[in-house]
Amino acid sequence: MFCYQCQETARGKGCELQGVCGKHFETSARMDLLLYAVRGISAINRELRKNGLASREASHEVIDALFTTITNANFDDASLDDFIRRAFEVKAELVAKAKENGINLPELPQIEFVATPEEAQKYEHITGVLAEPNEDIRGLKQLAIYGCKGMAAYGRHAANLGFEDEEVYAAIENAMAETARTDMGVDELLPLVLKVGEAGVSAMALLDKANTESYGNPEITKVNIGVGNRPGILISGHDLKDLEDLLEQTKDKGVDVYTHSEMLPGQYYPAFKKYPHFAGNYGNAWWKQTDEFEKFNGVFLFTSNCIVPPRKNCTYLDRVYTTGVVGMPGTHHIEPGKNGQPTDFSELIAHAQKCPPPTEIEHGEIVGGFAHHQVIELAPKIIDLINRGKIRKFVVMAGCDGRFPSRDYYTKFAEALPGDCVILTAGCAKYRYNKLPLGDIEGVPRVLDAGQCNDSYSLVRIALALKDAFKVESINDLPIVFNIAWYEQKAVIVLLALLSLGVQNIHTGPTLPAFFTPDILKVLQEKFNIGTISTVENDIATLINN
(Lines give C-alpha, C1' and ligand atoms only; values in the text may rest on other atoms or scores of the structure.)
Protein backbone atom coordinates (compact mmCIF):
# COMPACT_ATOMS: atom_id res chain seq x y z
CA MET A 1 0.00 0.00 0.00
CA PHE A 2 0.92 3.64 -0.25
CA CYS A 3 -1.21 6.36 1.33
CA TYR A 4 -0.36 9.94 2.22
CA GLN A 5 -3.77 11.56 2.36
CA CYS A 6 -3.65 12.59 6.06
CA GLN A 7 -1.31 14.79 8.08
CA GLU A 8 -0.06 11.94 10.27
CA THR A 9 1.22 9.83 7.38
CA ALA A 10 4.28 7.76 8.26
CA ARG A 11 7.56 9.71 8.42
CA GLY A 12 5.79 12.61 6.74
CA LYS A 13 6.10 10.73 3.42
CA GLY A 14 3.54 7.93 3.19
CA CYS A 15 2.20 4.81 4.90
CA GLU A 16 3.43 1.62 3.20
CA LEU A 17 2.83 -1.30 5.59
CA GLN A 18 -0.19 -0.09 7.54
CA GLY A 19 -1.85 3.28 7.90
CA VAL A 20 -1.08 5.34 10.97
CA CYS A 21 -4.87 5.63 11.15
CA GLY A 22 -5.08 1.83 11.56
CA LYS A 23 -5.96 1.03 7.95
CA HIS A 24 -4.58 -2.34 6.77
CA PHE A 25 -3.03 -2.87 3.34
CA GLU A 26 -5.99 -5.05 2.29
CA THR A 27 -8.33 -2.13 3.05
CA SER A 28 -6.09 0.31 1.23
CA ALA A 29 -6.07 -1.90 -1.89
CA ARG A 30 -9.87 -1.95 -1.89
CA MET A 31 -10.01 1.83 -1.60
CA ASP A 32 -7.61 2.19 -4.55
CA LEU A 33 -9.82 -0.06 -6.64
CA LEU A 34 -12.95 1.82 -5.59
CA LEU A 35 -11.38 5.14 -6.58
CA TYR A 36 -10.42 3.62 -9.93
CA ALA A 37 -14.09 2.72 -10.49
CA VAL A 38 -15.16 6.21 -9.42
CA ARG A 39 -12.91 7.80 -12.02
CA GLY A 40 -14.56 5.62 -14.67
CA ILE A 41 -18.09 6.44 -13.48
CA SER A 42 -17.19 10.14 -13.43
CA ALA A 43 -15.78 10.12 -16.95
CA ILE A 44 -18.87 8.36 -18.35
CA ASN A 45 -21.39 10.44 -16.41
CA ARG A 46 -19.61 13.59 -17.60
CA GLU A 47 -20.20 12.58 -21.19
CA LEU A 48 -23.84 11.75 -20.43
CA ARG A 49 -24.25 15.14 -18.74
CA LYS A 50 -23.15 16.88 -21.94
CA ASN A 51 -26.17 15.27 -23.57
CA GLY A 52 -28.58 15.97 -20.71
CA LEU A 53 -28.55 12.33 -19.61
CA ALA A 54 -26.48 12.41 -16.42
CA SER A 55 -27.45 9.86 -13.77
CA ARG A 56 -28.19 11.19 -10.28
CA GLU A 57 -27.75 7.64 -8.97
CA ALA A 58 -24.24 7.64 -10.41
CA SER A 59 -23.48 10.98 -8.77
CA HIS A 60 -24.61 9.58 -5.44
CA GLU A 61 -22.38 6.56 -5.97
CA VAL A 62 -19.43 8.87 -6.64
CA ILE A 63 -19.88 11.03 -3.53
CA ASP A 64 -20.51 8.05 -1.26
CA ALA A 65 -17.48 6.17 -2.59
CA LEU A 66 -15.27 9.22 -2.14
CA PHE A 67 -16.70 9.85 1.32
CA THR A 68 -16.12 6.30 2.53
CA THR A 69 -12.42 6.49 1.56
CA ILE A 70 -11.80 9.58 3.71
CA THR A 71 -9.40 9.05 6.60
CA ASN A 72 -11.07 7.35 9.60
CA ALA A 73 -14.37 6.59 7.87
CA ASN A 74 -14.38 2.95 6.84
CA PHE A 75 -12.15 0.12 8.06
CA ASP A 76 -14.53 -2.68 7.10
CA ASP A 77 -13.43 -4.71 4.06
CA ALA A 78 -16.84 -6.34 3.57
CA SER A 79 -18.46 -2.91 3.42
CA LEU A 80 -15.87 -1.71 0.90
CA ASP A 81 -16.48 -4.81 -1.22
CA ASP A 82 -20.16 -3.81 -1.37
CA PHE A 83 -19.18 -0.30 -2.47
CA ILE A 84 -16.92 -1.77 -5.18
CA ARG A 85 -19.63 -4.09 -6.48
CA ARG A 86 -22.14 -1.25 -6.66
CA ALA A 87 -19.59 0.98 -8.38
CA PHE A 88 -18.86 -1.56 -11.13
CA GLU A 89 -22.60 -2.21 -11.56
CA VAL A 90 -23.30 1.52 -11.93
CA LYS A 91 -20.38 1.85 -14.34
CA ALA A 92 -21.78 -0.97 -16.51
CA GLU A 93 -25.24 0.64 -16.49
CA LEU A 94 -23.78 3.96 -17.61
CA VAL A 95 -21.87 2.30 -20.44
CA ALA A 96 -25.10 0.62 -21.62
CA LYS A 97 -26.97 3.93 -21.40
CA ALA A 98 -24.31 5.67 -23.47
CA LYS A 99 -24.41 2.96 -26.14
CA GLU A 100 -28.21 3.11 -26.31
CA ASN A 101 -28.00 6.84 -26.99
CA GLY A 102 -25.09 6.68 -29.45
CA ILE A 103 -22.67 8.53 -27.17
CA ASN A 104 -18.98 7.90 -27.72
CA LEU A 105 -17.09 7.35 -24.47
CA PRO A 106 -13.45 8.08 -23.64
CA GLU A 107 -11.20 5.07 -23.61
CA LEU A 108 -10.24 4.04 -20.08
CA PRO A 109 -8.40 0.99 -18.76
CA GLN A 110 -10.93 -1.76 -18.18
CA ILE A 111 -10.84 -3.88 -15.04
CA GLU A 112 -13.63 -6.17 -13.99
CA PHE A 113 -14.52 -6.47 -10.32
CA VAL A 114 -11.89 -8.38 -8.37
CA ALA A 115 -12.72 -10.12 -5.13
CA THR A 116 -9.51 -9.97 -3.14
CA PRO A 117 -6.91 -7.32 -2.30
CA GLU A 118 -4.22 -9.64 -3.68
CA GLU A 119 -5.95 -9.51 -7.07
CA ALA A 120 -6.41 -5.75 -6.73
CA GLN A 121 -2.68 -5.32 -6.20
CA LYS A 122 -2.07 -6.77 -9.65
CA TYR A 123 -3.63 -3.57 -10.98
CA GLU A 124 -1.73 -1.15 -8.73
CA HIS A 125 -0.08 0.35 -11.81
CA ILE A 126 -3.58 1.55 -12.75
CA THR A 127 -5.43 1.92 -9.47
CA GLY A 128 -2.82 2.93 -6.90
CA VAL A 129 -1.51 6.31 -5.79
CA LEU A 130 1.82 5.69 -7.52
CA ALA A 131 0.26 4.99 -10.91
CA GLU A 132 1.44 8.46 -12.04
CA PRO A 133 5.28 8.44 -12.16
CA ASN A 134 5.76 12.25 -12.22
CA GLU A 135 5.63 13.40 -8.59
CA ASP A 136 4.44 16.93 -9.39
CA ILE A 137 1.59 15.71 -11.60
CA ARG A 138 0.80 13.01 -9.06
CA GLY A 139 0.74 15.53 -6.20
CA LEU A 140 -1.61 17.91 -8.02
CA LYS A 141 -3.91 15.07 -9.03
CA GLN A 142 -4.04 13.92 -5.44
CA LEU A 143 -4.72 17.47 -4.26
CA ALA A 144 -7.73 17.57 -6.60
CA ILE A 145 -8.90 14.08 -5.53
CA TYR A 146 -8.55 14.80 -1.83
CA GLY A 147 -10.43 18.07 -2.29
CA CYS A 148 -13.19 16.11 -4.03
CA LYS A 149 -13.32 13.69 -1.10
CA GLY A 150 -13.95 16.54 1.32
CA MET A 151 -16.50 18.13 -1.00
CA ALA A 152 -18.26 14.78 -1.42
CA ALA A 153 -18.71 14.51 2.35
CA TYR A 154 -20.38 17.92 2.49
CA GLY A 155 -22.49 17.07 -0.55
CA ARG A 156 -23.75 13.88 1.11
CA HIS A 157 -24.74 15.69 4.32
CA ALA A 158 -26.67 18.24 2.27
CA ALA A 159 -28.34 15.54 0.16
CA ASN A 160 -29.49 13.78 3.32
CA LEU A 161 -31.52 16.91 4.05
CA GLY A 162 -32.91 17.07 0.51
CA PHE A 163 -30.54 19.77 -0.82
CA GLU A 164 -28.54 18.96 -3.95
CA ASP A 165 -26.66 20.95 -6.57
CA GLU A 166 -26.00 19.40 -9.96
CA GLU A 167 -23.10 21.80 -10.49
CA VAL A 168 -21.32 20.44 -7.43
CA TYR A 169 -21.73 16.88 -8.72
CA ALA A 170 -20.53 17.99 -12.15
CA ALA A 171 -17.42 19.61 -10.67
CA ILE A 172 -16.53 16.50 -8.66
CA GLU A 173 -17.03 14.19 -11.62
CA ASN A 174 -15.09 16.48 -13.96
CA ALA A 175 -12.13 16.57 -11.58
CA MET A 176 -12.18 12.82 -11.02
CA ALA A 177 -12.39 12.21 -14.78
CA GLU A 178 -9.54 14.61 -15.48
CA THR A 179 -7.28 12.87 -12.98
CA ALA A 180 -7.73 9.67 -15.01
CA ARG A 181 -6.06 11.32 -18.00
CA THR A 182 -2.43 10.49 -18.71
CA ASP A 183 -1.76 13.53 -20.90
CA MET A 184 -2.29 16.31 -18.34
CA GLY A 185 0.56 18.57 -17.34
CA VAL A 186 1.10 20.87 -14.38
CA ASP A 187 -0.22 23.88 -16.31
CA GLU A 188 -3.60 22.18 -16.74
CA LEU A 189 -3.76 20.71 -13.26
CA LEU A 190 -3.27 23.93 -11.30
CA PRO A 191 -6.46 25.52 -12.71
CA LEU A 192 -8.28 22.22 -12.12
CA VAL A 193 -7.29 22.30 -8.45
CA LEU A 194 -8.60 25.85 -8.08
CA LYS A 195 -11.85 24.88 -9.80
CA VAL A 196 -12.24 22.16 -7.18
CA GLY A 197 -11.82 24.93 -4.60
CA GLU A 198 -14.51 27.05 -6.27
CA ALA A 199 -16.90 24.11 -6.22
CA GLY A 200 -15.97 23.55 -2.58
CA VAL A 201 -17.29 27.03 -1.75
CA SER A 202 -20.56 26.09 -3.46
CA ALA A 203 -20.74 22.77 -1.60
CA MET A 204 -20.21 24.42 1.77
CA ALA A 205 -22.76 27.12 0.93
CA LEU A 206 -25.23 24.39 -0.01
CA LEU A 207 -24.70 22.55 3.26
CA ASP A 208 -25.00 25.79 5.22
CA LYS A 209 -28.34 26.40 3.50
CA ALA A 210 -29.47 22.83 4.15
CA ASN A 211 -28.60 23.01 7.84
CA THR A 212 -29.99 26.46 8.55
CA GLU A 213 -33.21 26.07 6.56
CA SER A 214 -33.81 22.73 8.26
CA TYR A 215 -32.84 23.63 11.83
CA GLY A 216 -32.54 27.43 12.04
CA ASN A 217 -29.48 29.66 12.35
CA PRO A 218 -27.06 28.65 15.11
CA GLU A 219 -27.40 30.75 18.27
CA ILE A 220 -24.95 31.67 21.02
CA THR A 221 -25.28 28.69 23.35
CA LYS A 222 -23.80 27.53 26.63
CA VAL A 223 -23.22 23.78 26.41
CA ASN A 224 -23.00 21.55 29.47
CA ILE A 225 -19.91 19.31 29.52
CA GLY A 226 -20.95 17.33 32.60
CA VAL A 227 -23.28 14.32 32.71
CA GLY A 228 -26.70 13.34 34.05
CA ASN A 229 -27.84 10.24 35.92
CA ARG A 230 -29.57 8.42 33.03
CA PRO A 231 -28.16 6.07 30.37
CA GLY A 232 -26.56 7.90 27.49
CA ILE A 233 -26.07 7.78 23.73
CA LEU A 234 -22.99 9.56 22.37
CA ILE A 235 -23.38 10.71 18.76
CA SER A 236 -20.26 11.59 16.80
CA GLY A 237 -19.54 12.78 13.27
CA HIS A 238 -21.17 15.51 11.23
CA ASP A 239 -24.60 14.49 9.94
CA LEU A 240 -27.38 16.62 11.46
CA LYS A 241 -30.15 14.53 9.87
CA ASP A 242 -28.95 11.55 11.89
CA LEU A 243 -28.93 13.73 15.00
CA GLU A 244 -32.52 14.82 14.33
CA ASP A 245 -33.69 11.23 13.79
CA LEU A 246 -31.96 10.08 16.97
CA LEU A 247 -33.37 12.89 19.11
CA GLU A 248 -36.89 12.34 17.81
CA GLN A 249 -36.77 8.58 18.41
CA THR A 250 -35.32 8.88 21.94
CA LYS A 251 -38.07 11.15 23.28
CA ASP A 252 -39.46 9.77 26.56
CA LYS A 253 -37.25 6.68 26.32
CA GLY A 254 -35.31 7.34 29.54
CA VAL A 255 -31.99 8.02 27.83
CA ASP A 256 -29.97 11.18 27.25
CA VAL A 257 -28.20 12.12 24.03
CA TYR A 258 -24.73 13.69 24.15
CA THR A 259 -22.67 15.10 21.29
CA HIS A 260 -19.03 14.21 20.71
CA SER A 261 -16.23 15.95 18.80
CA GLU A 262 -17.54 17.43 15.51
CA MET A 263 -21.18 16.93 16.50
CA LEU A 264 -20.82 19.55 19.27
CA PRO A 265 -22.20 22.33 17.00
CA GLY A 266 -25.50 20.46 16.83
CA GLN A 267 -26.06 22.00 20.26
CA TYR A 268 -26.25 25.46 18.68
CA TYR A 269 -29.26 24.91 16.37
CA PRO A 270 -32.65 26.16 17.65
CA ALA A 271 -34.56 23.11 16.36
CA PHE A 272 -32.65 20.76 18.65
CA LYS A 273 -33.12 22.81 21.81
CA LYS A 274 -36.70 21.59 22.18
CA TYR A 275 -35.42 18.17 23.27
CA PRO A 276 -34.89 18.18 27.06
CA HIS A 277 -32.89 14.95 26.85
CA PHE A 278 -30.29 16.61 24.58
CA ALA A 279 -27.96 16.68 27.56
CA GLY A 280 -24.65 18.25 26.47
CA ASN A 281 -21.25 17.43 25.03
CA TYR A 282 -19.02 14.62 26.27
CA GLY A 283 -15.30 14.53 25.69
CA ASN A 284 -12.99 16.22 23.26
CA ALA A 285 -11.59 15.73 19.75
CA TRP A 286 -11.93 12.44 17.86
CA TRP A 287 -8.50 11.05 18.69
CA LYS A 288 -9.21 10.86 22.43
CA GLN A 289 -12.15 8.50 21.95
CA THR A 290 -10.23 5.33 22.81
CA ASP A 291 -9.75 6.69 26.34
CA GLU A 292 -12.96 8.66 26.81
CA PHE A 293 -15.33 6.01 25.44
CA GLU A 294 -14.21 3.61 28.17
CA LYS A 295 -15.76 5.99 30.70
CA PHE A 296 -19.00 6.86 28.88
CA ASN A 297 -20.65 3.47 29.61
CA GLY A 298 -23.44 3.95 27.04
CA VAL A 299 -23.68 3.38 23.28
CA PHE A 300 -22.02 5.29 20.45
CA LEU A 301 -23.30 6.34 17.02
CA PHE A 302 -20.87 7.32 14.26
CA THR A 303 -22.54 9.25 11.45
CA SER A 304 -19.44 10.09 9.40
CA ASN A 305 -15.66 9.86 9.56
CA CYS A 306 -13.53 10.24 12.72
CA ILE A 307 -14.00 6.69 14.01
CA VAL A 308 -10.80 5.19 15.42
CA PRO A 309 -9.95 1.46 15.62
CA PRO A 310 -10.26 0.55 19.30
CA ARG A 311 -7.51 -0.99 21.38
CA LYS A 312 -7.46 -4.80 21.57
CA ASN A 313 -8.63 -4.83 25.18
CA CYS A 314 -11.34 -2.21 24.77
CA THR A 315 -14.65 -2.75 26.57
CA TYR A 316 -16.96 -0.72 24.32
CA LEU A 317 -16.71 -2.16 20.77
CA ASP A 318 -20.01 -4.06 21.01
CA ARG A 319 -21.72 -0.78 21.95
CA VAL A 320 -20.57 1.03 18.77
CA TYR A 321 -23.08 1.61 15.96
CA THR A 322 -22.27 3.03 12.55
CA THR A 323 -24.42 4.35 9.73
CA GLY A 324 -24.02 5.76 6.23
CA VAL A 325 -20.51 5.37 4.81
CA VAL A 326 -18.93 4.46 8.14
CA GLY A 327 -17.66 0.94 8.78
CA MET A 328 -15.70 -0.82 11.51
CA PRO A 329 -15.35 -4.59 12.02
CA GLY A 330 -17.03 -5.82 15.20
CA THR A 331 -19.58 -3.00 15.36
CA HIS A 332 -23.28 -2.80 14.47
CA HIS A 333 -24.16 -1.12 11.16
CA ILE A 334 -27.51 0.60 10.66
CA GLU A 335 -28.64 1.21 7.10
CA PRO A 336 -29.74 4.82 6.46
CA GLY A 337 -33.40 5.54 5.80
CA LYS A 338 -34.39 5.53 2.13
CA ASN A 339 -36.21 8.24 0.14
CA GLY A 340 -36.22 10.77 2.94
CA GLN A 341 -37.45 8.33 5.59
CA PRO A 342 -35.78 8.48 9.02
CA THR A 343 -33.08 6.00 9.91
CA ASP A 344 -34.36 3.39 12.37
CA PHE A 345 -32.32 3.61 15.58
CA SER A 346 -34.57 1.35 17.66
CA GLU A 347 -31.90 -1.35 18.12
CA LEU A 348 -29.38 1.20 19.34
CA ILE A 349 -31.90 2.83 21.72
CA ALA A 350 -32.89 -0.51 23.24
CA HIS A 351 -29.22 -1.27 23.81
CA ALA A 352 -28.65 2.13 25.45
CA GLN A 353 -31.55 1.63 27.88
CA LYS A 354 -29.69 -1.31 29.44
CA CYS A 355 -26.49 0.69 30.07
CA PRO A 356 -25.37 2.53 33.23
CA PRO A 357 -25.07 6.34 33.16
CA PRO A 358 -21.86 7.96 31.90
CA THR A 359 -18.93 8.61 34.21
CA GLU A 360 -18.20 12.34 34.43
CA ILE A 361 -14.78 13.32 33.06
CA GLU A 362 -15.19 17.10 33.37
CA HIS A 363 -17.83 19.63 34.32
CA GLY A 364 -18.80 23.18 33.46
CA GLU A 365 -19.87 24.86 30.23
CA ILE A 366 -18.41 25.92 26.90
CA VAL A 367 -19.86 28.59 24.62
CA GLY A 368 -20.39 28.34 20.86
CA GLY A 369 -22.82 29.22 18.12
CA PHE A 370 -20.93 32.03 16.41
CA ALA A 371 -21.83 31.16 12.82
CA HIS A 372 -22.13 33.92 10.23
CA HIS A 373 -25.73 34.91 11.02
CA GLN A 374 -24.96 35.39 14.71
CA VAL A 375 -21.66 37.22 14.19
CA ILE A 376 -23.11 39.50 11.52
CA GLU A 377 -25.79 40.46 14.07
CA LEU A 378 -22.91 41.43 16.36
CA ALA A 379 -21.12 43.30 13.53
CA PRO A 380 -21.88 46.86 14.78
CA LYS A 381 -20.35 46.02 18.17
CA ILE A 382 -17.38 44.24 16.58
CA ILE A 383 -16.73 47.12 14.18
CA ASP A 384 -16.88 49.56 17.09
CA LEU A 385 -14.37 47.46 19.05
CA ILE A 386 -12.04 47.39 16.04
CA ASN A 387 -12.35 51.13 15.51
CA ARG A 388 -11.61 51.81 19.19
CA GLY A 389 -8.54 49.56 19.08
CA LYS A 390 -10.04 47.00 21.45
CA ILE A 391 -9.81 44.26 18.82
CA ARG A 392 -6.54 44.35 16.91
CA LYS A 393 -6.84 41.16 14.88
CA PHE A 394 -9.02 38.15 14.22
CA VAL A 395 -7.08 34.91 14.00
CA VAL A 396 -8.73 32.12 11.98
CA MET A 397 -7.70 28.89 13.70
CA ALA A 398 -10.11 26.53 11.96
CA GLY A 399 -9.39 22.99 10.84
CA CYS A 400 -8.61 19.62 12.40
CA ASP A 401 -7.11 18.24 15.55
CA GLY A 402 -4.85 15.20 15.72
CA ARG A 403 -2.78 12.97 17.98
CA PHE A 404 0.73 14.24 17.40
CA PRO A 405 2.35 16.09 20.33
CA SER A 406 3.37 18.87 17.92
CA ARG A 407 -0.26 20.01 17.96
CA ASP A 408 0.32 21.44 21.42
CA TYR A 409 1.57 24.37 19.37
CA TYR A 410 -2.03 25.49 18.79
CA THR A 411 -2.83 25.54 22.50
CA LYS A 412 0.32 27.50 23.23
CA PHE A 413 -0.35 29.87 20.32
CA ALA A 414 -3.87 30.59 21.62
CA GLU A 415 -2.52 31.19 25.14
CA ALA A 416 0.19 33.52 23.79
CA LEU A 417 -2.13 35.69 21.71
CA PRO A 418 -2.37 39.26 22.99
CA GLY A 419 -5.59 40.07 24.81
CA ASP A 420 -6.83 42.22 21.93
CA CYS A 421 -6.96 39.27 19.49
CA VAL A 422 -10.05 37.13 18.84
CA ILE A 423 -9.95 33.53 17.57
CA LEU A 424 -12.40 32.51 14.82
CA THR A 425 -12.64 28.73 14.74
CA ALA A 426 -14.52 25.85 13.14
CA GLY A 427 -13.80 22.13 13.12
CA CYS A 428 -12.33 19.92 15.81
CA ALA A 429 -9.19 22.10 16.00
CA LYS A 430 -11.23 24.09 18.54
CA TYR A 431 -10.62 21.45 21.21
CA ARG A 432 -7.04 22.66 21.52
CA TYR A 433 -8.22 25.96 23.03
CA ASN A 434 -12.01 26.17 23.46
CA LYS A 435 -11.80 25.33 27.16
CA LEU A 436 -9.01 27.80 27.96
CA PRO A 437 -9.91 30.78 30.20
CA LEU A 438 -9.22 33.36 27.48
CA GLY A 439 -11.98 35.72 28.59
CA ASP A 440 -13.77 38.26 26.42
CA ILE A 441 -13.47 41.76 25.01
CA GLU A 442 -16.35 43.83 26.32
CA GLY A 443 -18.66 40.84 26.14
CA VAL A 444 -17.32 39.35 22.90
CA PRO A 445 -15.68 35.97 23.71
CA ARG A 446 -12.10 35.64 22.53
CA VAL A 447 -12.94 32.25 21.00
CA LEU A 448 -15.81 32.42 18.49
CA ASP A 449 -16.78 28.88 17.49
CA ALA A 450 -18.63 28.84 14.15
CA GLY A 451 -19.24 25.08 14.21
CA GLN A 452 -18.06 22.07 12.21
CA CYS A 453 -15.25 22.02 9.65
CA ASN A 454 -17.76 22.74 6.87
CA ASP A 455 -18.75 25.87 8.81
CA SER A 456 -15.46 27.39 7.69
CA TYR A 457 -17.86 28.80 5.10
CA SER A 458 -19.29 30.86 7.97
CA LEU A 459 -15.86 32.34 8.57
CA VAL A 460 -15.71 33.35 4.90
CA ARG A 461 -19.15 34.97 5.18
CA ILE A 462 -17.98 36.87 8.27
CA ALA A 463 -14.84 38.06 6.50
CA LEU A 464 -16.81 39.19 3.44
CA ALA A 465 -19.25 41.11 5.67
CA LEU A 466 -16.34 42.89 7.37
CA LYS A 467 -14.80 43.63 3.96
CA ASP A 468 -17.99 45.38 2.92
CA ALA A 469 -18.29 47.20 6.25
CA PHE A 470 -14.76 48.57 6.07
CA LYS A 471 -15.00 49.21 2.31
CA VAL A 472 -11.71 47.47 1.47
CA GLU A 473 -10.93 45.69 -1.79
CA SER A 474 -10.30 42.18 -0.48
CA ILE A 475 -10.29 39.94 2.58
CA ASN A 476 -6.51 40.30 2.59
CA ASP A 477 -6.87 43.98 3.55
CA LEU A 478 -8.74 43.15 6.78
CA PRO A 479 -7.22 42.63 10.24
CA ILE A 480 -7.64 38.86 9.77
CA VAL A 481 -4.85 36.28 9.70
CA PHE A 482 -5.03 32.54 9.06
CA ASN A 483 -3.27 29.90 11.16
CA ILE A 484 -5.05 26.69 10.18
CA ALA A 485 -4.46 23.11 11.35
CA TRP A 486 -5.15 20.27 8.93
CA TYR A 487 -5.52 16.52 9.28
CA GLU A 488 -7.66 15.05 6.50
CA GLN A 489 -9.43 15.69 3.24
CA LYS A 490 -12.21 17.98 4.46
CA ALA A 491 -9.50 20.38 5.58
CA VAL A 492 -8.04 20.11 2.08
CA ILE A 493 -11.26 21.36 0.46
CA VAL A 494 -11.45 24.18 3.00
CA LEU A 495 -7.92 25.23 2.03
CA LEU A 496 -8.70 25.02 -1.69
CA ALA A 497 -11.89 27.01 -1.15
CA LEU A 498 -9.94 29.78 0.58
CA LEU A 499 -7.34 29.81 -2.20
CA SER A 500 -10.06 30.01 -4.85
CA LEU A 501 -11.34 33.13 -3.07
CA GLY A 502 -7.88 34.68 -3.32
CA VAL A 503 -7.01 34.50 0.38
CA GLN A 504 -3.30 35.09 0.91
CA ASN A 505 -0.74 34.39 3.64
CA ILE A 506 -2.31 31.25 5.10
CA HIS A 507 -0.15 29.45 7.65
CA THR A 508 -0.88 25.74 7.98
CA GLY A 509 0.46 22.92 10.06
CA PRO A 510 1.68 21.17 12.00
CA THR A 511 3.28 19.96 8.75
CA LEU A 512 2.62 20.54 5.08
CA PRO A 513 0.88 17.75 3.12
CA ALA A 514 3.23 15.01 1.96
CA PHE A 515 1.76 15.32 -1.54
CA PHE A 516 3.06 18.91 -1.77
CA THR A 517 6.26 18.46 -3.77
CA PRO A 518 8.87 21.25 -3.62
CA ASP A 519 7.68 22.56 -6.99
CA ILE A 520 4.00 22.51 -5.96
CA LEU A 521 4.85 24.33 -2.74
CA LYS A 522 6.91 26.88 -4.66
CA VAL A 523 3.98 27.67 -6.97
CA LEU A 524 1.54 27.97 -4.05
CA GLN A 525 3.97 30.22 -2.19
CA GLU A 526 4.41 32.44 -5.25
CA LYS A 527 0.67 32.71 -5.93
CA PHE A 528 -0.73 32.67 -2.38
CA ASN A 529 2.23 33.03 0.00
CA ILE A 530 1.29 29.83 1.83
CA GLY A 531 3.52 29.15 4.81
CA THR A 532 3.92 26.59 7.54
CA ILE A 533 4.04 27.13 11.27
CA SER A 534 7.36 27.63 13.03
CA THR A 535 7.51 28.55 16.71
CA VAL A 536 4.79 30.27 18.70
CA GLU A 537 7.04 33.27 19.30
CA ASN A 538 7.99 33.66 15.63
CA ASP A 539 4.42 33.20 14.39
CA ILE A 540 3.01 35.69 16.90
CA ALA A 541 5.59 38.18 15.65
CA THR A 542 4.82 37.45 11.98
CA LEU A 543 1.03 37.19 12.11
CA ILE A 544 0.09 39.54 14.93
CA ASN A 545 2.80 42.10 15.59
CA ASN A 546 3.66 43.01 11.98
Side-chain angles (χ1 to χ4, degrees), residues 29-70 73-74 76-117 119-120 122-123 126-127 131 144-145 148-149 151-153 155-160 162-182 199 203 324-325 327 333 335-341:
R30 285 171 165 86
M31 289 184 175
D32 284 344
L33 184 60
L34 181 56
L35 290 176
Y36 160 81
V38 165
R39 289 195 292 272
I41 292 171
S42 297
I44 300 167
N45 212 32
R46 181 175 65 171
E47 295 304 311
L48 291 172
R49 182 172 282 106
K50 292 175 184 177
N51 293 272
L53 296 170
S55 164
R56 179 61 62 87
E57 178 190 357
S59 295
H60 287 172
E61 185 65 34
V62 167
I63 63 171
D64 288 345
L66 289 170
F67 192 178
T68 206
T69 62
I70 280 181
N74 198 340
D76 185 44
D77 290 347
S79 168
L80 289 168
D81 284 343
D82 288 340
F83 272 102
I84 293 168
R85 289 188 185 93
R86 287 198 300 273
F88 277 89
E89 287 169 1
V90 169
K91 186 177 175 184
E93 291 168 3
L94 293 182
V95 169
K97 186 175 183 179
K99 289 180 178 178
E100 288 173 9
N101 289 277
I103 298 171
N104 293 322
L105 296 177
E107 288 201 13
L108 295 170
Q110 294 299 311
I111 303 175
E112 298 303 323
F113 173 70
V114 293
T116 68
E119 289 179 34
K122 297 176 185 177
Y123 301 105
I126 296 174
T127 63
I145 291 170
C148 286
K149 286 189 178 191
M151 191 180 355
R156 168 42 68 192
H157 294 315
N160 287 347
F163 290 74
E164 303 191 61
D165 185 344
E166 191 66 25
E167 293 303 313
V168 169
Y169 294 151
I172 292 173
E173 290 163 20
N174 179 67
M176 294 303 297
E178 290 294 276
T179 61
R181 288 173 50 191
T182 58
V325 303
H333 188 75
E335 286 299 318
K338 303 295 185 183
N339 302 317
Q341 294 300 305

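The distance from atom CG of L33 to atom CG of L80, rounded to the nearest 0.5 Å, is 10.5 Å. Atom CD of E164 is separated from atom OH of Y169 by 3.5 Å, given to the nearest 0.5 angstrom. Atom CG of L105 sits about 6.5 Å away from atom CD of E47, to the nearest 0.5 Å. If you take CD1 on I63 and SG on C148, they are separated by 12.0 Å, rounding to the nearest 0.5 Å. The distance from atom CD1 of I84 to atom CZ of R30, rounded to the nearest 0.5 Å, is 6.5 Å. Rounded to the nearest 0.5 angstrom, S42 OG and L94 CG are separated by 9.5 Å.
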- Tell me, with the steps shown, if L35 and L66 meet side chain to side chain contact (heavy atoms under 4.5 Å, CB included). CA-CA 7 Å; L35 290 176; L66 289 170; 3.6 Å; yes
- Item | Verdict with supporting geometry, L53 and I103, side chain to side chain contact (heavy atoms under 4.5 Å, CB included) | CA-CA 10 Å; L53 296 170; I103 298 171; 3.8 Å; yes
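When each of E173, E61, K91 is tested with N45 by the rule side-chain hydrogen bond (donor to acceptor under 3.5 Å, both in side chains), just one qualifies, namely E173.
With salt bridges taken as basic N to acidic carboxylate O contacts below 4.0 Å, none links K97 and E100. Ion pairing between R86 and E93 fails under the 4.0 Å rule for side-chain N and carboxylate O.
Closest approach of F67 and A152 over heavy atoms only: N-CB, 4.4 Å. Here the shortest heavy-atom pairing between V38 and M176 reads CG1-CE, 4.0 Å. Here the closest non-hydrogen pair linking S79 and N74 is OG-ND2, 3.0 Å. In terms of heavy-atom proximity, A177 sits nearest to A43 at CB-CA, 3.6 Å. Nearest heavy atom pair, residue M31 against residue T68, reads CE-O, 3.8 Å. Of all heavy-atom pairs between G324 and H333, the closest is O-CE1, 3.3 Å.
Between N51 and N101, the closest side-chain pair of non-hydrogen atoms is not below 4.5 Å. Taking 4.5 Å as the limit, every side-chain heavy atom of F83 sits out of range of all side-chain heavy atoms of F88.
Judged by distance alone, the side chain of D165 and the main-chain N or O of E167 form a donor-acceptor pair under 3.5 Å.
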